[in-house]
Amino acid sequence: MQEFDFYAANTLDELLRLLAQSGGRVIAGGTDVLVQAQRGVFPASVLVDASRVRELRFIGQDGETIRIGALTTYADILASPLLRETAPALVMAAATVGAPQTRARGTLGGNIANASPAGDTLPPLLTLDATVRLVKRGGERVLPLAEVLCGPRQTCLEPGEIIHSVAFRRPSQPTGAAFLKLGNRQGMAIAVVNVAVSLPLDDDGRIAGARVALGAVAPTPVRSPRAEAVLYGQSLNDDVLERAAQAVLYDIAPITDVRGSADYRRKAAVRLTARALRLAAQQIREGAQA
Amino acid sequence: MPAELKTVGKAELRKDAWDKVTGRAAYVDDLPREGVLVGAVVRSPHHHARIVAIETAAARNVPGVVAVLTAADVPGSKTFGPLVQDQPALAFDVVRHMGEPVALVIAQSKEAARHGVAAVQVTYEPLPAVHDPVAALEPDAPRVHSGGNLLTRYEISEGDVATGLAAADVVIEATFTVPRISPAYMEPESSMARWNDDGTLTVWVSSQKPFEDRHAIAGVLGLPEDAVQVCSAVIGGAFGGKEDSGLPVLAALGAWATRGTVRLINNRHESFLAHPKRHPARLHYTLGATREGELIALKAVVHLDTGAYASYGPAVGGLLTEMLAGAYRIPHVQVETNVVYTHSPFSGAMRGFGSPQAHFAIESMMDMLAHELSLDPLELRRKNALRPGDRLLTRVTLDRTAESLPLILDHLAAARARLAQKPPAPGRVAGVGIALGMQSMGLGYRVPDDSTNRLALAPDGSVLLYIGSPDLGQGLATAAEQIAAEALGLPYDAVRTVDVDTSVSPNGGVTCASRMTYLIGNSVMLAAQGLIAALLDYAARTLNVPRDALRYEAGAVITAAGERVALGEFASRAADEGVPLVAEATFSFPYPEETTPKHLPIGMPHVMLVFGGQAVRVEVDPELGTVTVTDVVAVHDVGQVVNRAGVEGQIEGAVAMGIGYALYESMRLKADGQWVDSFTEYLLPTAEDMPQIESVILEIPEASGPYGVKGVGEMGLVPTAPAIANAVFQATGVRAQAIPIAPEVIARPLGG
């Protein structure tokens, strides 16, 4: 176990001040930080605890925009009727993170800040075109999620900057969305591959702007523009969905590691994408019937 | 078996249950902290290296560090080991595996100890390492020990295998690979040692063998054994991994050097690297049979990776060799087992002790043969199953325990038929597989295999059971208490176990080998007779009547007039008078002449075997290759059940371990040269991965067992992994010859 200087903040202001003064890193739920600290590989020697900063723990609606505070836990996401309605893939992803204990402590902001290629909430957020609000003393900026994630375990966060919240627009059309994850066991699994899709339909019943995003198949979670292009303007049929799934192969670059080989990940990415697309399509059909 | 048992077989509550679930049980980490120094170990970052220099001055200057010890500070024997004395307390000259202890830092706090460890400067000259047991036998392979890398080789030949294979209608051949497994107990290894003013040491251990720990500690410190007292703390699981004295030895060394009290607890990373694990193995099998499925000949060549130190490797190799033909009669057998040193963390005892590796191979082969011959795998087993009177490849004659095999097969047939009815979930395919399992009880012929235990009447009329072997958490004490209560005709609550303390407890032997309830039970029954005799002697003197005018019955002495005098009255009176009412008895594992011949092809064959079998239903996702175990029906002959919840707990826990073996667990070397040594990458089955488990418990009494008891500690995991592999084959047609079964081996090709 690494040793740290430890500060605890009670308010957002205090958090930003402590971070600026100490040059430390934020700890919230600790579900990633502590695992790395146990191995002695966490890249900081000062921790600033954000878990008491209540103003960063919220799920809210602002017109057509949904906002989720960085300290919102996976369990909070699971319990949110608003997110079940507007971001079902995100809810499905939150349900697969770790164990109940992990979900009670781990936070959405932490999942982003950890920037694991396998982070489960990241593909759903990519399919929502989510933006991330970054705040530091004397400034803030809003970036698309893809620009926040710049490499395996690397974000673009500047020193003293924190993830404040995530925002996305409520889907304006009937949309099917799904998240699927392949792990090496049922419980507490890290993704070998994970996939999120969203399929909005236009008034003519054609796929408007589909989103397909995958994790653990590239240095960061990635969207698959090729798969999205295959889907664009098409009607929902299994042939299209299958062709779109095959197209993800052009947009991923998996590696071989202890959880699976590159070949297996390619195969699994295609199959999981096909299933996620069918699941999303089925949701739309069921929604139309309802 | 007596017609009516009052306590044995009843669901008595474990007396340690409340303390454990409320957190009051005192594991080593819970022992008092005041004035206790903290030990931390400097460990090798290399698989194999020469130690050029160890610089400790900087570490000694770290505030709070009390001592920094190296091999040079070891006053007695520099090495220890249960079978081969090859394991250094602290490495000298070379390190032979990653994680090997090189120096010991003793400090006033965890933080100081950690800083001390970081400040010890060891200069290494890395040397080439070998991790594969086959490659390690090449002439030019890097040497682990100067005597060469072959630790032990067993060769047995019965009949004429070449002729047998030539006569066979069908011959199948395959190589199986099984992984290195961590026991992964909840409580990692831990020990605390105190130097006493009178020049003795008291050492608390989480160990299966306090008496052997005492021997190792005394040897390393150059002390007489009676200067070392070893006490068993509450133990959070062991599974064979706590048959290693490494940590108690270091804690004792620290206490001796500082004249203080030192606690040493491995973290999980250390537990993975520096404690015994199940041997990884490669097993090459050739099996011949007639067209009708009668087994004719088996040839097997096995390489076991025992790692850097012998530990119990030679014994594991021996038992594995005995088990290579499984529960089958095969006239021509030729087997060879090589136990090989490598630069891997050492392997040793682990639940099953070689049997799980052998069974994965033979039970997979049986299904492969059935497939080749278009026979039912279950009927193939029935045709070839061992029968009473059969001679095993060890030349031991099998006794009546094999009577259970046809019954087990009947239960498996019914379970298989029932499980096959269940339709798979959409998109999945389902399959049901079976496997048989055989496990030995006891340490083996010619190995001292005794257990001594003591019963003492307390002043309040209750009975103290001085158990000679620690309860590892499996409920051994509960079983022993139930047997003692039964033998004395007392209620279960009247018997209380005293934890093992080598200064007061008799030596009950190492808690291992599925033998404890059998062995302790027999010993306790003998001690109960002794205690009754002592009580009647005392009662006769006290009442001034002839001894034969009195008899004992259910907690009371009955006089000639029929008057009942409660045990408690004599107990308190004897206590007042300072008369001890105590009886101790030793039971030795029987090796009867009729089954155990004088001339044997192997050093320590086992003569008492227990049998079981499991039917497993899996669902497989054919596209992704993921396997879900949905149902396990576990059929085991355990003899008389002492405590049903305890037996079911053993079986269910073992099945979980077997599922981990089949599907998830492997401590392997990664591409970066590091071992998988954390629960992030070493996957245990979670609650979500556990199937429905139905235990079918056969109670065929063992004549030599207490009330008919056999054993159940190990065999529950023996059939699990091959039954899963066989079920996967039934579901997909893909034969997994390596475990854990990789989903990508099962998954259909892309576009398929």
Side-chain angles (χ1 to χ4, degrees), chain A residues 1-4 31-32 34-41 95-96 98-102 116 118 180-195 242-243 245-246 248-249 254-275 278-279 282, chain B residues 40 109-115 117-118 267-269 426-427 619 621-630 659-660 662-672 674-691 740-752:
Chain A
M1 187 72 177
Q2 263 169 280
E3 281 174 47
F4 297 95
T31 56
D32 287 308
L34 291 178
V35 173
Q36 292 174 46
Q38 201 86 42
R39 302 286 303 187
V41 298
T96 73
Q101 294 91 329
T102 330
S116 162
L180 288 176
K181 163 170 162 179
L182 171 65
N184 279 327
R185 65 181 170 194
Q186 302 291 312
M188 297 178 67
I190 297 173
V192 178
V193 175
N194 55 19
V195 179
E242 181 64 29
R243 277 193 291 121
Q246 298 285 345
V248 302
L249 288 173
I255 58 164
T256 295
D257 68 11
V258 71
R259 281 184 276 280
S261 72
D263 271 350
Y264 179 60
R265 284 195 157 99
R266 273 190 283 272
K267 183 189 300 189
V270 171
R271 294 327 316 154
L272 277 192
T273 306
R275 290 179 191 189
R278 287 202 299 267
L279 203 57
Q282 188 187 336
Chain B
S109 68
K110 275 187 186 176
E111 292 68 29
R114 200 159 49 227
H115 292 162
V117 165
N267 63 31
R268 189 58 68 175
H269 165 74
E619 290 194 359
D621 181 326
E623 289 182 340
L624 300 174
T626 47
V627 176
T628 308
V629 179
T630 62
I659 290 173
L663 297 179
Y664 306 118
E665 298 177 42
S666 176
M667 183 182 158
R668 58 188 187 275
L669 203 54
K670 296 187 286 183
D672 64 0
Q674 300 292 309
W675 291 98
V676 163
D677 62 356
S678 77
F679 287 144
T680 308
E681 293 179 332
Y682 184 92
L683 300 186
L684 294 167
T686 68
E688 287 183 65
D689 300 293
M690 286 300 286
I741 299 172
E744 57 185 290
V745 171
I746 308 299
R748 266 187 215 143
L750 195 55

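Every chain is numbered from 1 and lettered A, B, ... according to where its sequence line falls, protein lines coming before strand lines.
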Backbone N/O of A:Asp257 and side chain of B:Lys670: donor-acceptor pair under 3.5 Å: no
A:Thr256 portion near chain B, given a 4.5 angstrom heavy-atom threshold: neither
Full working for side-chain contact (heavy atoms from CB on, under 4.5 Å) between A:Arg275 and B:Glu623: CA-CA 11 Å; A:Arg275 290 179 191 189; B:Glu623 289 182 340; 2.8 Å; yes
From B:His269 atom NE2 to A:Met1 atom CE, the distance as rounded to the nearest 0.5 Å: 14.5 Å
Top contributor to chain A interface from B:Arg668, B:Arg114, B:Glu744, B:Glu688 [non-hydrogen pairs under 4.5 Å]: B:Glu744
Side chain, backbone, both or neither of A:Val35 within contact of chain B (heavy atoms, under 4.5 Å): side chain
A:Tyr264 side-chain N/O to B:Leu624 backbone N/O, donor-acceptor pair under 3.5 Å: yes
Separation of B:Leu683 CG from A:Met188 CE (nearest 0.5 Å): 9.5 Å
Engaged part of B:Asp621 at the chain A interface, taking heavy atoms whose separation is under 4.5 Å: side chain
Working for side-chain contact (heavy atoms from CB on, under 4.5 Å), residues B:His115 and A:Glu3: CA-CA 10 Å; B:His115 292 162; A:Glu3 281 174 47; 2.9 Å; yes
B:Ala747 versus chain A, the contacting section by heavy-atom distance below 4.5 Å: both
Side chain, backbone, both or neither of B:Val676 within contact of chain A (heavy atoms, under 4.5 Å): side chain
Pairwise distance NZ(A:Lys267) to CZ(B:Arg748) - rounded to 0.5 angstrom: 10.5 Å
Heavy-atom contact with chain A under 4.5 Å, split by part of B:Thr680: both
Point-to-point distance, once rounded to the nearest 0.5 Å, from OG1 of B:Thr628 to CD of A:Gln186: 4.5 Å
Gap between atom CD of B:Glu681 and atom CD1 of A:Ile190 - 0.5 Å precision: 7.5 Å
Residues A:Arg39, B:Asp677; criterion side-chain contact (heavy atoms from CB on, under 4.5 Å); working and verdict: CA-CA 10 Å; A:Arg39 302 286 303 187; B:Asp677 62 356; 2.9 Å; yes
Heavy-atom pair with the smallest gap, counting every atom of A:Asn184 and B:Pro743: OD1-CG, 4.3 Å
